[in-house]
Structure formats: C-alpha cells, structure tokens
Protein chains: 2
Amino acid sequence: MATIYEVAALAGVSPATVSRFFNGTTVSPEKQRAVREAAAKLAFTPNKTARRLRKQSSEVVALLIPDIENPFFTALARGVEDRAQEAGFSVVLCNTDDDPGKELRYLQIAASEQMAGVILAPASDEADLGAIASLGSPVVAVDRTTPYPVDAVKVDNRAAGIAATTALFDAGHRRIACIAGPVGIEATEDRFLGWRQVMTARRAAMPDGFLQHANFRADGGHAAMQRLLALPEPPDAVLTTNNLMGVGALQAVVEAGADPARFGLAVVGELPFLFLTPRSVVQVRLPARHLGTTAASMLLERIGGDTQPPRTVVLRAELAR
Amino acid sequence: MATIYEVAALAGVSPATVSRFFNGTTVSPEKQRAVREAAAKLAFTPNKTARRLRKQSSEVVALLIPDIENPFFTALARGVEDRAQEAGFSVVLCNTDDDPGKELRYLQIAASEQMAGVILAPASDEADLGAIASLGSPVVAVDRTTPYPVDAVKVDNRAAGIAATTALFDAGHRRIACIAGPVGIEATEDRFLGWRQVMTARRAAMPDGFLQHANFRADGGHAAMQRLLALPEPPDAVLTTNNLMGVGALQAVVEAGADPARFGLAVVGELPFLFLTPRSVVQVRLPARHLGTTAASMLLERIGGDTQPPRTVVLRAELAR
DNA sequence: GTGAAAGCGCTAACAC
DNA sequence: GTGTTAGCGCTTTCAC
C-alpha cells in the first residue's frame, strides 16, 4: 500500500499537497495533474486508519439490531444503508442477538473505533448509552426507545395494537388473546396496551392466560400459541405483537388441526414471504425501511453538527388488507 | 476518551507498561493493580484506531454478501459471526446488492480500513480480488467461487440440482422446467447443469422456453414462472435454483389458480418461513450456517499465518423431506 | 498556493 | 520487568 509520501516523491510535491489534493483543498492545476498521475501509478488509496486517528472521526456509522434474521430488521437496515450511502457513509451492521452484553460490547467497539455515529434498536431499556453519548458520538434509537435523551424514531405502536385488535373484533371474534414480547421492550408493550384498551372498551373477557409473553422469535410464538390452545377455554383469535411470533403462532394453529382461515390471527408486522397465508390474517404493516431512512437522516444531521434537543419521530403503521 | 498516557501518569508507570498490561505481557502484580485501578477510574478504553495504525491490522473481518434480505445469506452471516466472535473478532457486514460496483467499493474499504480479512460471496465472477489479495489480507470466497486463487467454501451444487430434479421425476413429473439465476454465477449454473443432466439422462423433453433466467429475488422467480405458464405447452413442474425465486414461482402458481399441491415445485434452498407450503414442494436444504462457520474458520487460520495453497471445501446439500 | 513539522494514541525495539 | 523512544500515515497549523 503506497503512502502519501511515495506519491509526493513521485509527483515532486510535498506530502501536504497530496493530502490537500485528496481532500479537495485548492491545489494548482499542474500539481493536481502530477499528483493524480503519481497516485494512479502507485495505486494509492488513502489510509483511513491514519486519517481517522488524526481526525478523530470516521465516515462509518454502526447499526445495532437485535436479530439479523428477522426481515423487519433487515428491511430497516436497508433503509439505513441506502440513506447513509448517499451521504458517503458506510454502515457496519452488528447483531446484538437481543443480548445486553453483546450490545454493550458493540457499543464499546463503536466508541473505540471512532465511528461517526450509532443507530441502535435497543436490546433492552438498560442499553448503556452513557459511555458512547458522553464521547460526543451521536446516537439515534430506532424502533424501540431508551431512557437516555437521544433522538428516536419509532412507530405508533399503541395505534398499531388497536387497529389489529379492532380488525379481529370486526371479523366477529370475541375471545381474543395476546402474545406479547418479553417484558421491558416498550415497542411491543405498547402494542399489547393497544390490545388491552380495545378489549376493555368492548368489555371483552380477558381471562388468565390470555396474555402470553414470548421471545420475539417464531419458536416463542409457537410455544405461546400451544399454551393458549391448551387452555380449558381457548381463545378464538390471537394478536401477536411482532412478525416472527406470528409465524410461530400460525404454525401452531395449523399443526393443531385448526382451520387457520377461521381462527383469527392478527399480527403487528408482516408475515414474511407468507403469501400463502389465509386471507383472514390481519397484518398491520410497519414502515421498516422508512424507520431506517429516517433514523439515518437524523443521525447524519447530528453528525453534521445539529445540536437541537433530542427529537422523537413517530411513524404510522398501516392496516394491510 | 482517556489515553494510555493519562493512565500511566495516574498509575505512576510508563505508557509502555500500560500497553503491556492491556496486551497480556508480563507486568508485576503491583503495577498490574495500579494500572487496573487507574484505567477504571478514567474509564479508559484502548483506542483501536491507533493500535490498528501501529500494528497495520485489526481484529475485524468484513463479510460481503449480495442480499441481506435473503434468509440464506443471513443464516450464513450468523455462522460467520458466531465463529469469528469465539475467536475475538468482530464482523462487519456489507451488502453488495449483487452489484459489482458496490462490491468493489466495499473491497477497497476493507483494504483501506486494514480489515484482518474478507469473506466474500462474489456478486460476479469478475470480483476484483487482486487489490485486496495483493495487500496480503486473506480472502475466502463463500457460496460462489471466483477465478482468483483464494480459499473457497461451496456446496455441491450440481448434486443439489440432480437431487431436486430426480425428486420431481420420482413424483411422476416429466415436463420439468428450470428457473435459473443470472448467467455467470457459478453456483446456480451448476444447479441448472444438474437439472439438464437428469433431463438428458431420462430423455425428457427440454423444449425452448423451459430454461428461464431470472434475478435471484422473488420478483424474478415470479415473472419467470408466469412466462412458463404462458407457454403453449407449459411444464407440469419446475426447479428453481435458489430459495427466493422459489417463493416467487410458488406465488405465481397460486395466483394462476393452479393447485400448488399438484404442480411440481422443487427448490434448491429452503422456502423461508413457508411451513404452509404444500408438502409436495421439494426442497434441497443448503447448509447456510455451516458455510459461514467453515469460511470463518478458514479465514481465521489464514489470519493466523497459515500459508498452504488455496483450498476449496465442498459441503453437501441434503434433500429435505 | 505550498512546504515543514508536529502530533493523533498506540506498540515494539532497544536499553537498562 | 520496565522505561525511552521512534514511528505507523495522515491532517493541519504555521510560515513563507
């Protein structure tokens, strides 16, 4: 790997001039040509590590998501990537596995690697943003919020829960259970609250066991649905507060021999690749990609020096038909 | 961000001792304690950028995949990540979008960021590995091969194509079409060759139009299947050479009003989340995660200094039942 | 507009 | 075992 000194020597200029050339400062036309040619001849690429050490910042942003195998988050990642790319930033994706320990490690890496900023879908509400925030690196929370005063982009989760539950009522169901995510994740808790609000307003029964907590994956939804179906008086419909739990729940319904077209299923999120899904399944579409582009835009503004107080942007979910 | 000098000053030792402490060289117990306490008090984190500049290498590997929204590649990514993590390496994921231009950019970034190595699922067989390889950074190709002499991990794609096609024959189908990926991607071409081999051996007709090329995504498979169904004498079965094209093909079958349980569909790969799939769909399971762990292991060996000639590991696919 | 030189934070000889 | 010191490759004053 050629250095700036070798280019300078070959071009007959000083290293500073080479640096200026590559950073867009004014350099006389003839030296420009000399540098360009020398750089080409040596296949010179500026060493980003050295630049980063010197400038104390980089053009890389980190994106921390809880589950790279969840299509919701990959769509979100695409949004972030597209927006960041336009602005000349690279995105490195980190998979926290919904594990606060891993999350913390990645946050530290982001700091010690001098990332320009971090977009984070927190694995828990204890995500320690103190360290990274105090470094001055901007942070944007996405999909889920945190107690730390940072920018956030989220969905109107309660409205999503309300819309989904209402749709089940409209389809004639009354005994509606809820498979919610782990306790402590605001996003799905709000969706659950939407369910409870509708159930209460409609004076629908919410017997013990109608609220199940599960991990966010298909296996969690599957097990929860099995527990629901084993109830003495099982529900005739269920709301899952994310997409993958919906996948698992639907699978359990099918396995139990119930007719998935009659059993009411509502999902906050989209059942991935499931176009064979019974038409009866209610899906509340989440603007995953848009969450990503919005978060990236906010982060880029902060990186650009924006210092207004933290904002929270709320995006709307939309009932798919 | 505290530096090694501040820690040294507070601990009453030299910067070198602090460095040694954090790099596991022998330091006397008392100084160890002093350094540990000073570091804790200052919340010191070693600056990786400086370390990287000095050592000319990092503990980060880059993983370049063509489509982050394809579950096959995310499973592969999980494999890479798990293995790398065990060895203390971080993984940064880059989405090339099957675009040679993007791929090249990421390859350059990997070089100028002094990544410890690169695992690459090439977007095309022109992927220019010359630059990065000449830098001495090890490269492992995964899923797809390249003309460059680098380590590779792949699947026995022809066998996979043969198994899938044979299964369709065994189910009684004779008019079997093939939806293959873009020309130039060895992996899916080999699967197509498996199809042709079986068709030829069984003296089955392969009229014009029975071979369709499509992009790797669901929309490509969907369009290709529509073209097949519009043929004067349409096929009664089809093989798709990857998972997402299978999703699109199945969708087209359903939309066309054909009974997906009677129309033969075979997929090299797994239909993601599609447990509602008709039992009749043939799937040849690809060891996605295992591809990832194997590639990571090979890369780590190279990073560790292994200099044997490039190896290619071939993993077996397995007919799901 | 251009060059000389200092220094970003760390590691690795090298001396002791 | 420990300290001193010279860079890694770049950017950025500061003179000219």
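In the text below, chain A, chain B and the rest are named by the order of the sequence lines, each starting its count at 1.
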(message) From CD of B/Gln56 over to P of C/dA12, roughly how many Å is that when rounded to an integer?
(response) 11 Å
(message) Can you measure A/Gln114 atom CD to C/dG9 atom C1' for me and round it to whole angstrom units?
(response) 9 Å
(request) Please determine if a side-chain N or O atom of B/Ser19 lies less than 4.0 Å away from the OP1 or OP2 oxygen of C/dT11. (result) yes
(request) Identify whether the distance between the nearest side-chain nitrogen and carboxylate oxygen of B/Glu186 and B/Lys154 falls below 4.0 Å. (result) yes
(message) Salt bridge or not between B/Asp67 and B/Arg217? Use side-chain N to carboxylate O under 4.0 Å.
(response) no
(message) Does this structure show an ion pair linking A/Lys48 with A/Glu59, if we count only N-O contacts that are shorter than 4.0 Å?
(response) no
(request) Rounded off to whole Å, could you give me the CG-to-P distance for the A/Asn23 and C/dG1 pair? (result) 16 Å
(message) Please pick, from C/dG1, C/dT11, C/dT2, the nucleotide with the shortest atom-to-atom distance to any side-chain atom of A/Thr26.
(response) C/dG1
(message) Just the rounded figure in Å: distance from P of C/dG7 to CZ of B/Arg54.
(response) 19 Å
(message) On the side chain of A/Arg20, is there an atom forming a donor-acceptor pair with the base of C/dG3 - under 3.5 Å, no angle test?
(response) yes
(message) Taking B/Asp97 first and then A/Arg78, would you say they form a salt bridge - that is, a charged N and a carboxylate O separated by under 4.0 Å?
(response) yes
(message) So does A/Ala123 get a backbone contact from the side chain of A/Glu103, meaning a donor-acceptor N/O pair under 3.5 Å?
(response) yes
(request) Would you mind telling me which residue lines up with the more 5' stretch of DNA chain D, B/Val27 or A/Thr49, judged by nearest nucleotide? (result) B/Val27
(message) Considering every strand and a 4.0 Å limit on heavy-atom distances, what is the contact class for A/Phe22: base, sugar-phosphate, or nothing?
(response) nothing
(request) Ignoring backbone atoms, establish whether A/Ser28 has a side-chain N or O less than 4.0 Å from OP1 or OP2 of C/dT2. (result) yes
(request) Would you please test B/Arg144 and B/Asp98 for salt bridge (charged side-chain N to carboxylate O under 4.0 Å, His left out) and show each step? (result) CA-CA 12 Å; B/Arg144 309 171 178 179; B/Asp98 260 317; 3.2 Å; yes
(request) Give me the first and last nucleotide of DNA chain D, going 5' to 3', that has any atom under 4.0 Å from a heavy atom of chain B. (result) D/dG1 to D/dG9
(message) Nearest 0.5 angstrom please: A/Ile4 CD1 to A/Arg20 CZ, how far?
(response) 10.0 Å
(request) Nearest whole angstrom, please: distance from the P of C/dG9 to the CZ of B/Phe21. (result) 20 Å
(request) Check every strand shown and say whether B/Lys48 touches a base, only sugar-phosphate, or nothing at a heavy-atom separation below 4.0 Å. (result) nothing
